[in-house]
Amino acid sequence: MYMRRFDCDYMAGAHPKVMEALLRTNMELTPGYGNDAYTAEAKHLIREAIAMPDAEVFFLVGGTQTNAVAIDGILRHHEGVLAAESGHIAVHESGAIEASGHKVLTLPHVDGKVRAEDVGRYIDDFYADETYQHMVAPGMLYISQSTEFGTIYSLAELRALSDVCHSHNIPLYLDGARMGYALAAEGADFTLSDIARLADVFYIGGTKVGTLFGEALVVTNPALLRNLFPLVKQHGALLAKGRLLGVQFAELFRDGLYYEIGAHAVRLAVRLREILRAAGYDIVIESPTNQQFVRLPNDVIDTLRQSISFDYWGPRGKDCSVVRFVTSWYTTDEDIDVLAAQVG
């Protein structure tokens, strides 16, 4: 039986337009390590999109790799990174940050989001402790847009976080693995240029938004990440065939494909959510993006999984469990129709 898959947003390869670009350029011979015309074009297009012509842009292969390089490069040896207890670096990166010698300092969250007042309180309390020199200092703040729960920070929340970070002399770093879906989310009131203005360093995710692989690390405060090239190489993250990243991101940003992918996935995710709500199931988190979380009876889960795949979000419960459905560029209206028929 053909399975309709809602497990995650990187199960398929690349969006057809991205794959066509890779095939079209496959036989070309270009300089390595990103010193090619396609990578230069991709950087230019991203700088245009964020309205920052002087921003530094570097392409890496995956999200965990990008987080590890950026955080290790920003922090000093005695510093750690503040993050939500549910943050990706705290939960789902196998200790990649700790492996580089930096502790993840967790904060409480509301549906995946940290609050500016909690950030400020943590830093103030840290330096109010006379023994603070014996402790790991909060050296930066990590957030993601969208969050692990599919929620988004509003422009006002981003401003507040940026303000509290800068008033306490630490940088704001934003993980944009699913940025494309956050930008297309219901009620989103921010742009890429807003992100660039408020965050010191951030990345634009490609792996989950249409590329075979790849993330674009954007540095708007160059003083934080000097000598990025050798740092990337020290982490084993430098791709010799760097043009493969440049080709993909140039295709995403040349004619707005990145935004089209986000809008497509969010439209279908909202449709999926309302179908499940109409069927009487409990929507656990009001996510406006491509991740939807719902509580289903276990017998319904077992029946659905015969033809539709999706993930548990936490352990299986005694009678009911929370599950996650994720849409992407490869999700179709027919996929949603099949799901509707199963739960209707």
Cluster overlap [X] with [Y], hydrophobic side-chain contacts below 4.5 Å:
X    : Y    : answer
I283 : V300 : yes
V270 : V294 : no
V57  : Y38  : yes
Y281 : L268 : yes
V323 : I285 : no

Can you tell me if [X] and [Y] form a side-chain donor-acceptor pair at under 3.5 Å?
X    : Y    : result
S154 : D189 : no
H168 : D124 : yes
H88  : N67  : no
H44  : E48  : yes
R5   : S309 : yes
Y181 : S328 : yes
Y173 : D200 : no

Within a strict 4.5 Å, meaning less than it, do heavy atoms of the [X] and [Y] side chains meet?
X    : Y    : result
L239 : F213 : yes
D72  : H235 : yes
R159 : L155 : yes
L339 : L304 : yes
I50  : I195 : no
L75  : M140 : yes
L172 : F202 : no
D125 : D129 : no

**Study point:** Test side-chain contact (heavy atoms from CB on, under 4.5 Å) applied to L60 and Y203, step by step
**Key:** CA-CA 10 Å; L60 293 99; Y203 82 84; over 6 Å; no
Under a 4.0 Å N-O cut-off, is there an ion pair linking [X] with [Y]?
X    : Y    : answer
R271 : D337 : yes
R267 : D333 : yes
R277 : E286 : yes

**Study point:** Parallel, tilted or perpendicular: ring planes of F149 versus W313, cut at 30 and 60 degrees
**Key:**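 Perpendicular.
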Point to revise | Geometric class of the F229/F58 ring pair [parallel <30°, tilted 30-60°, perpendicular >60°] | key: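 Perpendicular, since the angle between the ring planes exceeds 60°.
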Check your understanding: Which one of L161, L158, V201, L198 satisfies the side chain to side chain contact (heavy atoms under 4.5 Å, CB included) criterion with L174?
Key ->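 Answer to the side chain to side chain contact (heavy atoms under 4.5 Å, CB included) test with L174 among L161, L158, V201, L198: L158.
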Measure from the side-chain N and O atoms of [X] to the backbone N and O of [Y], and report whether any donor-acceptor pair falls under 3.5 Å.
X    : Y    : value
K43  : E56  : no
R178 : N290 : no
H264 : T331 : yes
E98  : K103 : no
S193 : A51  : no
T303 : D299 : yes
Q342 : V338 : no
D9   : V326 : no
T289 : G150 : yes
S100 : I97  : yes

Nearest heavy-atom pair of [X] and [Y]: which atoms, and what distance?
X    : Y    : result
M52  : A196 : CE-O, 3.4 Å
G139 : I170 : O-CB, 3.7 Å
Q248 : V18  : CG-CG1, 3.6 Å
P108 : D118 : CG-OD2, 3.8 Å
A96  : T64  : CB-CG2, 3.7 Å
V114 : A83  : CG1-C, 4.3 Å

Spacing of [atom1] belonging to [X] relative to [atom2] belonging to [Y], to within rounding of 0.5 Å:
X    : Y    : atom1 : atom2 : value
L217 : D175 : CG    : CG    : 10.5 Å
E41  : R254 : CD    : CZ    : 4.0 Å
L82  : C165 : CG    : SG    : 8.0 Å
W329 : Y10  : CH2   : OH    : 15.5 Å
R243 : D36  : CZ    : CG    : 7.5 Å
Y330 : I261 : OH    : CD1   : 11.5 Å

Exercise for review: For the pair I74 and I71, evaluate side-chain contact (heavy atoms from CB on, under 4.5 Å) and give the outcome as yes or no after the intermediate values.
Suggested key: CA-CA 5 Å; I74 292 171; I71 292 171; 5.8 Å; no
Practice item. Go through the steps for F325 and T327 under the test side-chain contact (heavy atoms from CB on, under 4.5 Å), then give the verdict. Key: CA-CA 7 Å; F325 293 87; T327 59; over 6 Å; no
**Study point:** Audit row: L141, Y122, side-chain contact (heavy atoms from CB on, under 4.5 Å) steps and yes/no
**Key:** CA-CA 11 Å; L141 173 64; Y122 186 102; over 6 Å; no
Exercise for review: Take atom CD of E334 as the centre, draw a 6.0 Å sphere, and report whether it contains more than 12 heavy atoms from other residues, nucleotides or ligands.
Suggested key: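 Counting neighbours around CD of E334, 12 or fewer heavy atoms of other residues, nucleotides or ligands fall under 6.0 Å, so no.
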Exercise for review: May I ask you to check if R305 and F310 form a cation-pi contact, with NZ or CZ under 6.0 angstrom from the six-membered ring centre and within 45° of the axis?
Suggested key: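 Yes.
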